[in-house]
Each structure stands twice: as C-alpha cells, then as structure tokens.
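Only one structure is covered here, and it is reproduced in the block below.
Throughout, numbering of the chain's residues begins at 1 and tracks the sequence. Just follow the structure's listing: the first ligand is 1, and inside any ligand the first atom is 1.
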Amino acid sequence: MLTQPLVSQSFLDALECPQCSVGLHLGNDELECIQCGARWPVIDGIPCFSNGDGDLSQTDAESLLLDTARYGWQAAIEDHLARNGQMRHSMAIRQQRAAWLPLIGLRDDAIALDIGSGYGTITHALATTVHKVYSVEAVPALLEFTRLRMQQEDLANVYFVRGEATELPLAENVFDLVVVNTKLELVGEGRTKEDPREIHVRFLRRLQRSLKPGGVLIIGGKNRFGHQRLRGTDHSGVPLTNLRSPSIASLVSPHQSTHYRTELNPIIQHRHTYCEYGYKKLLLESGFPFATFYWAYPRYNRPSALVSTERQPLAAHVLRTISDPSLGSRAGRWGRLLKFKLARLGLLRFFIAEFLIIAAKDGNGDPSQNSKVIQSANSLLPKESRITNPVGYLCSITEAGKSVILLSEHNEFRTRLVIKTWARGSTEPGTLVQVHSRVSEAEAETDRFMVPAPLGSFTLNSRSYAVETPAEGKSIAALILNSPPRKRLRFLEVQLPMCARAAMGVSRVLSATVAVPGIDSTWLTIPDQTLLDRQIASYINMEASRWKAQGVRAHGDFSIENIFWEASGRRIWIIDWAHVIEGVPPLYDVITLLLSAVPALALEHREANNHDVRSEQQFLAAFFGAGAWAKANAKILHTARARMEHTNLDIWKQFLLSLVIRANDFFARKSKLANQYCRLIELASKNRARFVCLGS
Ligand SMILES: [Zn+2]
C-alpha cells in the first residue's frame, strides 16, 4: 500500500537546514540535515524547527482550538480575544487586509511566504490570491488555528512551518513575495546578548536569499521619530496625536502580553527602532537597494489609504482628508491644516508613526516603478504623455475588495491616472466605456456632462484593473467643505441645480446604453430596522413596483463626491459608473444628490455635538424646514420634475422610496450610513406634513 509522504516533494524543496543551508532528507517521521545531522520532527504534516509554546497558555490554546473546531474560526477568535480583554483586536484579526496586494500585481503562479503568521489573517488573504503560501509561526497553537481556519475556508494551498524568525529553514530562490508580519524591532528581541541590528541584517539577508530575483518584501515598521516625538503629546490635545496608531505587533500578535514584553531589554528595543533613513540603510545592507515607503492611513490594520511618503503624494493625501472627512481623519480642521503644512514642507514623513515598506530584491530597480500594475497602467497612455517617475497612492480600500490607485508624477500634485481594481470574479462594470462613447457622440446636447476617458483594462494575479483619466476640477464635496458656511447657500443656487440638470442627461445617455443591471428586489424592500405605519409602507411598495416596471435608469451613486466641477468651463464631470441601475424612481439621482449634500452644506444646526443628532436635525431642516435651505431644495426638485417626460410624479413618494433604496445600497456596501438612513426613513414619514414638496 502506498502511503502519503509526510511532506510533499515541492514543500521539501522549499526547506533547508538553517545552519548549513543544504537541502533536507525526509526520514520516517522527521527531516534530517545531510551535512550536520540535525533532525527536526514532522508533526501532523508540519515540520517543526522550533520548540516551546510561546506565551499562549496551555488552557488558552486548547480552548481556542476546541472552539474553532466546534463553532468556526470567526466565533472562536472573538471569544478568545474577549476573554483576554482584547476585544478591540477582533475586527483587525478577522479582516486585516493585505491592502498592498493590488499595488504589487504578482503573477498567477506566485509563491508567497508569511513570517509570523499569528492568527493567519495575512496567510488567509494571500491564499485567496496567490498560487501557494508558506505560513511560518513559532507558536504551535496559532499554527494549528490557522490550519483549521484554512480548512474551514476550503483553502488547500497553504504549507505550514513551525519556526522562529531568526532561524528560518528556507531554501534559496523560492518566493515571489515575503511578508514580515511582525515588527522588525521584535525579531530576535529575546537575544539580549547580541547586537539587535546585526540580528536584523542577518534576518533580512536570509529573506533576500529566499526571494526570487525581482521578488518583493513587505515589511511593517515603526518610525523611530514618529514614535518618540509623539509619545509625549498623547494627552495634551496636540492635533498630531492622531498620527499615532496602535503598534503592529500588538495587533498581529495580541497573544504577546505587555507583561511578556517588559521582561525584555527595553534599552535595546528602544535603540533599534529605525527612522525611514535607518530602514533604507538597513535594507540596502541586506540586499534590498530599493524600497518604497508608504504611510498606512489611518491605521495599519485597516487602512483606507496607502500613501507614498514622497512630499507631493503626502500633501495631496492630507489635502484630500481635509476636504473629505469621510476619509476617516479624526483630527479637527486645524490639526488637518497643520498636517497639510508639514506635508507641503516635506516634514510630515518624519512624523509618520508606522510605515509599510515595499522592497525589491536587487537588480530589478525600484519596485514602485517596476510594479507591474503601475507599468501596465502607464503604458496605456500615449508614449509622449507617459508618467516619467510614477508614484502610486492607493485609496478607498473598501470591504468589497475594490480599491482605487491614483498615479501621479513623483513631484507633482495632480493625479494623472486613475486605476480601479477589484477581485476577479466580481463582474467588471463596462458601463464607463459605453457611457463615454455615447457622451462624446452627443457633443451638442443640452444637460451635458463629461466623463473620464477609459484607457483600457488588464488582469494581474486574480485582480482586474481598469484604467481611466481623472476628472477635471474639484469634487462638489471638496468645494463645499472648503468654503466657509456663510457662502455655502450659493451651491444650492449654482452648482447643485446644474448637477440636477446633468442627472437628466445621465438618464438619457443611459437609456441608450446596452447593459444596465436591473435593481435587486431586496433593495426595494423596507429594511427590517425601520418601523413604519402600514399605510406609508404600502404606498412605498406600490411606488417601488411602479418604477421597477418602468425601467428608469440612473447613475446609482449620484453623490457630491462623484461629481466634479470644472470652474473655468462651468462643466460637470461625473465619475464612478459602477453603480448604474435600472428600475429606480426618475428623481432618484437628484434626490441622492441633495441627500449627499446635507452633511457637507450643514447650513443649519451646526451646534449639536452628537453626530447622529446633528445629521437628523440637518436632514429635517433641508427637506422639512421653513428656511432658505428647504426652499432651495424644493426648487431644485420641482424644476427637475417639470423637465421629466413622466406624468403623475409624486415627489414625496419618490423621496421616501429613494431613502429606502439608499439604505439598502449602504447595507450592501457595509457602510455605517445604512442605519442612519433607516432612521431617516422613519423621521421622514413622521414629518410628512412638513415636507417641502408635499402635494405638488
Ligand atoms: Zn545542517
């Protein structure tokens, strides 16, 4: 009878003796070094190059694994962390994304290595993208947990190795990608007698050796200066404190308690946190001549953006966070302005708390410029207008796995290319291509608007990429937020009415477009969270079936973030055509527009401290009030309706139905606005008698 070998040949080929750097021989239940004779056991198919249990207690480990087998890994991890008082890490460990993956663009047959895999979050992300993943972890219970996690997710392309970061048993020239999923400062921290920097160089050289030529190293690091400078300002209310983010180690390895940490030599650890320059020197010495530094914003574990630390991209990013609070900046306006000043002066990079570093094995140039993604996108531009020295800025990392990469010249402010990327398999919305050709044909039409030019698309490493030109001008959202409150009413008189007219044009262009998906019936259903009286619920339902049957088409996300205003030409640009939809009420886009403008305009009720209270008061003022705001909104809605070809249009019913669709859309996108919109539906129905367009 043929028995299954302990480890497969290809697995064996990736391993070697950490001391002699020669291949290993597979014995009965162990691996042996042919040269020095050292032996390592293979337990349950996992080669064990280290012993010791880490600092996860025996009972903790047992209950974690038992719960994982019994209730599934997600529930087990939550319970485990809650019991250890680390509930706040739970989300991070479940969802921490390999956010940098879309920037790298590996080949489909890529082999990746995850060092210090912890609860297997990065391993999980890699396993869904690359061909094979090697997961190295010293704590056996965590390794076993990750193995169960992969089993439960039906991912069979992961090999497990139990080993220490300082004694990696890895062969030469194996990996396309190595992820150091623990902080460099902590590597070899137990070896208090050795110089930590030497340990780090040895560690990085080992990784460099195991990478294929052109292979990429991903490493997270704490900024020596960012870390120390900002420590003192923690409770002083200085705006810069929000640059601090929780340490990567505490997120990635929450099983390592503070108690455990403090037993180590604090002076050595302190001395060997590097600044950006220090990292560059260290990496250079270890055979990584090119490294790109990114600021993982706002946090390493769940970044909404990865920003190159070059001066211009940093400044552009800070400017974006000033103009768009939804990007997650927690600092006040002054704090953000100070950050912008620092960024403009080229100083902000010194204060960044933690880096994400993308380094490449020598001989292949700067990884940011040689990134296949950036190269492929750049090559879609005509030769004479290509970007000479492109820097990438990855933003809008969403739960749905869609990201946007903005490319600019390294010393310029302006975005030159927009790359949209999403996991392959989710359908590519080709709407922009159709809309673009239709818009260019209709040069002379009224209600005109501009759209980005689609430049092409490509597929790399389980991801699809579509490249387009940026919109001109500034988003309406940025314009409103950058103007003082007393000047904001003007937007309701000039820009927003023009946007509403463009919405008519959008509907017309879309009716000539071939493929527009019909609305999902669940989006027309009143969310369970919403309590409505039966009569209102029933006419929302009637309105819904009326418009579903009519097949009216809309942009689907006609919000002030997606509409750009080109002041010089008084032209409107509309971006993000991924939500185009059929079967909504004719005023859907216009209502979306006005709803999205409410928090930015904030023309009334700016006082309330509580965010929810404030947004509800402002919603009422905008659509149920007696002031200038409500009057302006009423005028825009009436004008839009007057220009429609449909008859018997009840603005009130469309308003309610649009709120329902928006709420369901936000639920589908896992946005926290979903619950807020449920509340707005209730508020609207209670205040029906005061609605600005009632009975008209
Ligand atoms: Zn040996």
Ignoring hydrogens and angles, tell me if any N or O in the side chain of Arg149 forms a donor-acceptor pair with the backbone of Tyr119 under 3.5 Å. yes
What residue among Arg197, Lys280, His200 forms side chain to side chain donor-acceptor pair (under 3.5 Å) with Glu285? Arg197
Should the ring pair Phe293 and Tyr279 be called parallel, tilted or perpendicular, given that the plane angle runs from 0 to 90° and is split at 30 and 60? tilted
Between Gln208 and Gly287 (side chain of the first, backbone of the second, donor and acceptor by atom type, cut-off under 3.5 Å), is there such a pair? yes
Residue among Asp114, Leu217, Leu113 satisfying side chain to side chain contact (heavy atoms under 4.5 Å, CB included) with Val180: Leu217
Protein N/O/S atoms closer than 2.8 Å to the Zn ion (ligand 1), ordered by chain and number, come to Cys17 SG, Cys20 SG, Cys33 SG, Cys36 SG
Can you list everything that forms a salt bridge (charged side-chain N to carboxylate O under 4.0 Å, His left out) with Glu144? Sequence neighbours excluded, please. Arg147
